[in-house]
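Notes for the one structure printed next.
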Amino acid sequence: MKLTRGESIFIATNYFVLSLITLIIMIPFWYVLCVSVTPYSIFSEKNGLVLFPTSLSFDYFAYLLKKGSLIYNAYGVTIRNTAAGVLLALLLTAAAAYSLAEKKLPGRRIIMLIFMFTMLFKGGLIPTYITIKNLGLLNTDYVLILVMAYSAFNMIIMKSFFEGIPDSLKESAAIDGASEIRTLRSIVLPMSMPVIASIGLLYMVTYWNDFFNALLYVTDWHKAPVQLVLRTIIASSSLPPELLEAAGRTPPPTIGIQMAAIVIVALPMMVLYPFIQKYFEQGMLIGSVKG
Amino acid sequence: MEIVTAGIPARTEKPRRRLLMKIWKYKWLYALLLPALAWVIVFDYLPLYGISIAFMDYNVIQGFGASKWVGFAHFREMFASEMFLNAFRNTLLISLYKMISGFICPILLALSLNEIRTKWFKKTLQTAVYLPRFVSWVVYGGIITLLLSPETGVINKIVEWFGGKPVYLLVEPAYFRVILVVTDAMKEMGWAAIIYLAAIAGLNPEVYEAAVMDGATRFQRIIHITLPGISSTIIVIFILRVGYLMSAGLDQVLNLYNPMVFEVGDILDTYIYRVGIEQFSLSLAAAADVIKGIIGFAMVLIANQIAKRINDSGIF
């Protein structure tokens with residue numbers, strides 16, 4: 001097919017503009033990576049403009065990752081919260097979604113209303129904080145696992161997926177004498193792996209990236225997830241004493257420390273993400289069908 | 001069956017028994033509901049009771065029982081406070097700006113991505129523009145702060161290059177909202193474009209072929225086929241955003257703002273956090289929560305009504 005002159009210009013412009021947008025989005029990440037591995041002398045010599053690392057130094061990382069550093073503990077907390085949280089969240093969400101997908105369930109409308117009302121009206125930050133405090137959950141090991149374990153939005157996505165499973169499949173299993181639980185385990189679950197993967201990954205990102213719940217509910221540094229430690233490193237020009245304890249020498253310039261900390265916190269998710277991207281897209285699509 | 005049992009009390013009992021039988025039949029499904037129900041009751045419904053502290057002088061140590069009721073005193077105090085009114089105004093403004101940019105950018109992005117026919121190139125672009133969504137605002141805020149700083153920031157180097165004077169952009173009230181809107185778009189627009197890309201992929205290819213036969217240019221095809229084709233998706237997404245009017249981006253603002261820009265950047269969520277958690281005026285902050293909740297509730301209902309009227313597909 002022959003392109004007209006106008007169309008060629010249109011296509012070229014489109015390629016150019018999109019590449020430019022992509023560069024604008026990606027360069028900040030690249031820049032942070034460069035700063036984190038550039039020695040401070042070169043960094044200041046170049047006036048901060050290091051878009052390519054001319055000489056490598058891992059001083060900042062060595063400083064942050066010294067034996068006994070708070071980072072290790074924080075990373076452990078984050079990994080534990082994410083693993084336990086995703087598991088718990090999937091259980092809660094999938095079980096409720098499966099149940100509510102059954103149209104003949106007596107009282108379904110009322111139960112749905114109970115679940116949906118909280119999407120419309122929430123108690124808000126302070127009433128929730130008071131509740132968590134009165135329940136004695138502040139500063140516990142499991143408070144962060146619990147507070148993020150259910151999202152009405154994810155439940156609705158799963159429910160609309162389960163509603164799409166033909167009743168005839170479940171009925172034929174029932175005729176063969178399978179119990180509800182058995183049907184769920186051997187027919188519905190295997191069919192639902194894509195949606196479970198998608199929702200599980202959405203929860204994973206939520207748990208991994210959360211800092212605000214941690215800021216509210218955790219004040220003990222030894223229970224703090226890595227995002228909270230990072231926030232402290234970035235927000236205050238001084239480092240938390242718990243972090244300095246292990247390092248035991250004067251810290252290198254703050255800016256490098258901050259950038260190295262960002263890399264340490266963000267890298268796992270960014271490296272993992274391209275491999276699991278298709279599941280995220282899938283999840284968005286299942287959601288948008290109903291949307 | 002009715003005839004056999006006619007006249008016996010069983011007639012009234014029977015439907016009830018039938019219902020009980022039906023409920024018993026679904027016992028496992030009810031059991032599956034319990035964990036999520038328990039969660040919703042504890043973390044969503046119990047806080048509704050906590051709202052009462054907005055009408056008390058809440059005593060943190062002694063709890064609800066020992067706290068005195070004060071009626072609307074905290075609400076009066078709040079509406080007299082310049083800081084609250086400022087946060088309220090900023091919430092609406094920032095939300096509105098973000099609604100416009102966060103609404104238009106993803107559509108434009110999806111439309112131009114759709115015109116890329118080189119498969120690997122399109123895939124690479126997609127991976128890149130979705131990426132920022134997977135880092136937290138702590139990380140992204142840290143990166144933005146570095147880029148905008150006066151001594152080391154790349155943006156200032158570029159300004160200097162063109163003969164400008166370096167400024168610390170994050171403490172300048174004139175730039176702060178712009179920074180919020182732009183960085184929000186950079187972080188979220190790729191991800192938000194996915195829904196539109198899906199909607200475009202679902203359009204009928206025959207219509208495009210027919211348009212090509214009739215000599216429509218690419219641009220004409222976008223305007224006359226693609227855009228009308230995804231209009232219902234656009235409307236639903238826009239309405240969903242209206243429902244979030246009172247949330248102007250807590251994570252983002254909290255990681256970027258500083259006292260120098262409170263005047264233009266403090267939003268209700270950050271105000272509530274500061275007053276309630278940092279300054280420990282829990283009751284006053286809870287009053288702000290109530291105002292935020294009520295307006296948010298109204299916005300969702302209005303948005304949903306509009307959605308129903310436009311294309312019969314309310315979200316609730």
Side-chain angles (χ1 to χ4, degrees), chain A residues 6-7 10 14 17-18 22 25-26 28 31-32 47-49 91-92 95-96 98-99 102 105-106 111 115-116 118 120-128 130-131 134 147 149-150 180-181 205 209 211-212 216 227 230-231 234 255 258-259 262 265-266 269-270 273-274 277 281 284-285 288 291, chain B residues 19 22-23 26 28-29 32-33 35-36 39-40 43-44 46-48 50-51 53 63 112-113 115-116 125 127-132 134-136 138-139 142-143 145-147 151-154 157 186 194-195 198 217-219 236 250-251 272-273 276-277 282 285-286 289 292-293 297 300 316:
Chain A
E7 276 188 305
F10 174 81
N14 192 34
V17 171
L18 272 179
T22 309
I25 289 176
M26 290 311 289
Y31 179 61
V32 166
N47 239 330
L49 207 60
L91 271 173
L92 285 181
Y98 179 70
S99 183
E102 173 59 62
L105 188 77
I111 301 168
F115 276 102
M116 300 299 286
T118 60
L120 296 170
F121 192 81
K122 287 193 187 307
L125 196 154
I126 302 297
T128 309
I130 298 283
T131 307
N134 287 348
V147 292
Y150 171 81
E180 286 282 346
I181 298 292
V205 176
N209 283 343
F211 85 96
F212 191 65
L216 285 180
Q227 301 280 353
L230 174 66
R231 183 180 144 82
I234 291 174
I255 192 141
Q258 289 174 336
M259 294 310 116
I262 286 177
V265 174
M269 194 54 88
M270 295 184 73
Y273 150 72
Q277 184 188 345
E281 288 183 63
M284 285 295 274
L285 300 188
S288 68
Chain B
L19 182 67
K22 221 177 143 196
I23 289 177
Y26 288 109
W28 290 115
L29 286 186
L32 288 177
L33 270 176
W39 191 96
V40 170
F43 294 107
D44 278 340
L46 280 186
L48 292 185
I51 286 175
I53 71 163
S112 16
L113 271 173
E115 294 302 317
I116 302 279
L125 291 183
T127 304
V129 293
Y130 299 164
L131 190 70
F134 293 90
V135 300
S136 66
V138 182
V139 167
I143 297 175
T145 309
L146 169 79
L147 289 176
E151 308 101 38
T152 53
V154 173
K157 297 291 164 240
M186 280 169 68
I194 295 181
I195 287 180
T217 64
R218 281 197 181 211
F219 194 66
V236 171
L250 168 66
D251 282 14
I272 292 168
Y273 171 74
I277 307 293
L282 285 163
D289 260 333
K292 188 193 161 210
F297 183 53
V300 179
F316 295 102

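Everything quoted here is computed from the prediction, not taken from an experiment. In what follows, every chain begins at residue 1, and chains take the letters A, B, ... in the order their sequences are listed.
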- Would you mind checking which part of A:Ser99 comes under 4.5 Å of any heavy atom in chain B, side chain (CB onward), backbone (N, CA, C, O), both or neither? both
- Which bit of A:Leu18 is near chain B, if near means a heavy-atom gap under 4.5 Å: side chain, backbone, both or neither? both
- Rounding to 0.5 Å, atoms CG (A:Asn134) and CG (B:Leu46) come to a distance of 9.5 Å
- Query: Would you find a donor on one side and an acceptor on the other, under 3.5 Å apart, between the side chain of B:Asp289 and the backbone of A:Ile126?
  - Reply: yes
- Between the CG atom in B:Leu48 and the OG1 atom in A:Thr118, the distance rounded to the nearest 0.5 Å is 8.5 Å
- Message: List the residues meeting side-chain contact (heavy atoms from CB on, under 4.5 Å) with B:Phe219, not counting sequence neighbours, and say none if there are none.
- Response: A:Phe10, B:Thr217, B:Ile223
- Turns out that what part of B:Ile53 lies under 4.5 Å from chain A's heavy atoms comes down to side chain
- Task: Please check if the side chain of A:Tyr273 supplies one atom and the backbone of B:Thr127 the other of a donor-acceptor pair under 3.5 Å.
- Result: yes
- Task: Would you confirm whether A:Asn209, through its side chain, and B:Phe134, through its main-chain N or O, come within 3.5 Å as a donor-acceptor pair?
- Result: yes
- Message: Between A:Val17, A:Thr22, A:Leu105, who has the most heavy-atom pairs with chain B when the cutoff is under 4.5 Å?
- Response: A:Leu105
- Are any side-chain N or O atoms of A:Gln258 and backbone N or O atoms of B:Gly142, one a donor and one an acceptor, separated by less than 3.5 Å? no
- Item | Trace of the side chain to side chain contact (heavy atoms under 4.5 Å, CB included) decision for B:Tyr273 with A:Leu216 | CA-CA 9 Å; B:Tyr273 171 74; A:Leu216 285 180; 3.9 Å; yes
- Rounded distance [0.5 Å steps], CZ in B:Arg218 versus CG in A:Asn14: 8.0 Å
- Task: Identify which one of A:Ile234, A:Val32, A:Ile262 satisfies the side-chain contact (heavy atoms from CB on, under 4.5 Å) criterion when paired with B:Val139.
- Result: A:Ile262
- Message: Side chains of A:Met270 and B:Leu131, heavy atoms from C-beta outward: is any pair under 4.5 Å?
- Response: yes
- Message: Just so I understand: if I count every heavy-atom pair under 4.5 Å between each of B:Ile143, B:Val129, B:Leu19, B:Val40 and chain A, which residue has the most?
- Response: B:Ile143
- Between A:Pro106, A:Pro274, A:Ala149, which has the largest tally of heavy atom pairs under 4.5 Å with chain B? A:Pro106
- Query: Are any non-hydrogen side-chain atoms of A:Val147 and B:Phe43 less than 4.5 angstrom apart?
  - Reply: yes
- Query: Mind checking whether A:Tyr150 and B:Trp39 have parallel, tilted or perpendicular rings, split at 30° and 60°?
  - Reply: tilted
- Against chain A, work out which of B:Pro47, B:Ala286, B:Pro132, B:Gly293 has the most heavy-atom pairs shorter than 4.5 Å and name it. B:Pro47
- Distance, nearest 0.5 Å, that separates CG of B:Leu32 from CG of A:Leu91: 10.0 Å
- Non-hydrogen side-chain atoms of B:Asp251 and A:Phe211 separated by less than 4.5 Å: yes
- Please report the closest heavy-atom contact between A:Lys122 and B:Asp44, naming both atoms and the distance. NZ-OD1, 4.4 Å
- Nearest-0.5 Å distance, OH of residue B:Tyr26 to CD of residue A:Glu102: 4.5 Å
- Message: Taking side chain as everything from C-beta outward and backbone as N, CA, C, O, which of these in B:Leu113 sits under 4.5 Å from a heavy atom of chain A? Side chain, backbone, both or neither.
- Response: both
- Message: Looking at chain A, which one of B:Leu282, B:Ile272, B:Thr145 has the largest number of heavy-atom pairs inside 4.5 Å, strictly under?
- Response: B:Leu282
- Pick from B:Gly276, B:Ala36, B:Pro35, B:Ala128: which one has the most heavy-atom pairs with chain A under 4.5 Å? B:Ala36
- Note on the structure: Output for pair (B:Leu33 CG, A:Ile111 CD1), nearest 0.5 Å, gives 5.5 Å
